[in-house]
Structure formats: C-alpha cells, structure tokens
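See below for the structure under consideration.
One-based numbering, in listed order, for ligands and for the atoms of each.
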Amino acid sequence: MIRITIAGPRGNMGSEAVKMVSEDATFQLVAVVDIINNGLKMKDVKEMAPLDVPIYEDMDQCFREVECDVLIDLTAPESGKKHMITAFDHGVRPVVGTTGFSDQDVEELTHLAADKKIGAIIAPNFAIGAILMMKFSQMAARYMTDVEIIEQHHDRKLDAPSGTAVKTARMIADVREKKKQGHPDETEQMKGARGADYDGLRIHSVRLPGLVAHQEVIFGGEGQTLKIRHDSLNRASFMPGVKLACETVMKLDVLVYGLEHIIE
Ligand SMILES: NC(=O)C1=CN([C@@H]2O[C@H](COP(=O)(O)OP(=O)(O)OC[C@H]3O[C@@H](n4cnc5c(N)ncnc54)[C@H](O)[C@@H]3O)[C@@H](O)[C@H]2O)C=CC1
Ligand SMILES: O=C(O)C1=N[C@H](C(=O)O)C[C@H](O)C1
C-alpha cells in the first residue's frame, strides 16, 4: 500500500487525482494540502469528496503528523518547487505535475534529490499520447530542423508557455543542430508576434475558454510540412500516468524529469 498526500485537492487535476487515488486498492490517501480549511476533514468540506482524510495548510506540519510515502503536487507554479523541497526534507517522494519550472529549477532539484538519495518525478505531462507526441517530435527534429510549437489551453492556466511545450522544445534542442529560425532580418511589428524563443525555436501559446490541453508541433521543409498533434479532452486522460509515476517513484533514488524516461 503506497501512502499518498495530494496538494491542490480542489483543483481540476487535484480533484481527479483524489478520485483516482481513493479508488485504487494499492494506494491510501492519507492527507491533502490546500490553501484553506486547515484542520478540517475532506468530508467536512462541501466541494470535496466525502473522505475521512485530514486537510493541512502547512505541508511541513502535514509530514510531521502523517506517515506518507508519496506527495502528488498539482498546485501552482510558485508552490511546486517549495513543496518538493519540503517533501525531500521529510523523506517523502514527490510526483509533481505542476508546471512552470525553469531549466535551472529542474537542475537544482535534481541535485537535491541525488544528495538526499530520494526518488522524485517531475512530469510536465502525464498523458501517454502527449509523451508520444514529444517523443515523435524529437525523432522528427533529427531530420526536419525547422519547427515551431503551438500549444493551446483553457484560459484559467497561469503559466505560459505550458510545461509540455517547454519540455518538447528542450527534447528537440537536445537532438537538433543549433539553429535560429525564420528570416535573419525579421522584426516584430508587434511585441510577441513571433512567440517565445527556446534555443532558436518558437513557441506560441493560445488561451481560450472551452479548451483543455492541446499541442501541435509543426515541422517545415522544402515543399512539405509535418504536423504532430495531441489533444487532452479531459483530466482523466492524465490519471494512468499519475498512477504509474506514484508506483515508479517508490523504486527511484534520483529525480526523473519527464515520463518519457519511464514509458519505454
Ligand atoms: N503534468 C500534467 O499532466 C498536468 C499538469 N497540470 C498542471 O497542474 C497544475 C494545476 O493545474 P489545475 O488543476 O488545472 O489548476 P487549478 O487552478 O484548477 O488547481 C490548482 C489548485 O491548487 C491549489 N493551490 C494553489 N497553491 C497551493 C498551495 N501552495 N498549496 C496547496 N494548494 C494550492 C489551488 O487553490 C487550486 O485548488 C498546473 O501547474 C498545471 O499546469 C495540469 C494538467 C495536467
Ligand atoms: O494547465 C494545464 O491544464 C496543463 N498543464 C500542463 C502543461 O503546462 O503542459 C500539462 C497539460 O498541458 C495541461
């Protein structure tokens, strides 16, 4: 039985993770960490599942009082890193879906996990289709080196570009020759028109109500284009990946960044 704490339990993703964990016979939901309702039980809060699980506002206190193996963090860009450090301090293994980490954040956390010999997973996207989209994009970038990413999300999303877009760009940058795309003399008549620049590759972020999570990676070559697209149509699409990460992190003593390293 893996004992799990979930941070962000009232959110789009957190509430779906509460459902998955509480319905899985191999997991036990031992606590949740939220920004309100300290000291109450989940069953006392109208918008939460009727579970006899304590709510903490202070993660440090939570891990002092509750025995826990894994922290699932699905909160907000500014709290993900802090929560990971708190988990490490208590020997709890973080599985983090929260996005907004810089490459430097990932590097620092990787060192911290290695020093403490604690397993951790940061997964910018838990959906198997999205992992494949990233892998296929990396594969294509070896042959087609001109590429731009268009990611589309719901308008409640805080970070841009998405964690998935940043990870995709990083995976592409790892394999393709250094390249700054577009016309060497191009200018932006309006700031931001050409999107964000990751190692010479452009990322464009769309935010609209009605969307969930979508990404298209467009490659261009002489007389041809290749489009690799993934759509998450609901948050349940992420849950098999969250489950796999919780199981796998128990066997790790380093930080793994991206589920593509786990799904071979
Ligand atoms: N890795 C993946 O596959 C996916 C990752 N995400 C990421 O997960 C995160 C959450 O996304 P959503 O659920 O859509 O957001 P949301 O806004 O619906 O939920 C976030 C929840 O976290 C809570 N929260 C914020 N700061 C907190 C803190 N310090 N402690 C405890 N709770 C806190 C908020 O009150 C809210 O209830 C985002 O960073 C998003 O990019 C979202 C979908 C899939
Ligand atoms: O905020 C979201 O919704 C999502 N966030 C992740 C990201 O930033 O890539 C994963 C997925 O795209 C949904």
H153 contact mode with ligand 2 (heavy-atom cut-off under 4.0 Å): side chain
Under-4.0 Å heavy-atom contact with ligand 2, by part of T99 that carries it: side chain
Which residue and non-hydrogen atom of the protein lie closest to atom 9 (O) of ligand 2, and at what distance in Å? T164 OG1, 2.4 Å
Suppose we measure from atom 10 (C) of ligand 2 to each protein heavy atom; which comes out shortest, and what is that distance? P124 O, 3.2 Å
Look at [atom] and find which of [options] reaches it with the closest heavy atom.
| atom | options | value |
| --- | --- | --- |
| atom 29 (N) of ligand 1 | S79, G97, G241 | S79 |
| atom 38 (C) of ligand 1 | L74, N12, T75, D73 | T75 |
| atom 8 (O) of ligand 2 | K167, M13, R156, K157 | K157 |

Other residues, nucleotides and ligands only: do more than 12 of their heavy atoms fall within 6.0 Å of CD on Q104? no
Within 6.0 Å of CZ in R142, more than 12 heavy atoms from elsewhere: no
Take every heavy atom of H154, measure it against each atom of ligand 2, and state whether any distance is under 4.0 Å. yes
Sorted by chain and residue number, the ring-ring contact (aromatic ring centres under 6.0 Å, His included) partners of H90 (sequence neighbours excluded) come out as F63
Please check whether F238 reaches ligand 2 - meaning an N/O of the residue sits under 3.5 Å from an N/O of the ligand, judged on distance alone. no
Counting from 1, what ligand 1 atoms have a heavy atom of T98 closer than 4.0 Å? 8 (O), 39 (O)
Are T86 and D89 close enough that a side-chain donor and a side-chain acceptor fall under 3.5 Å? no
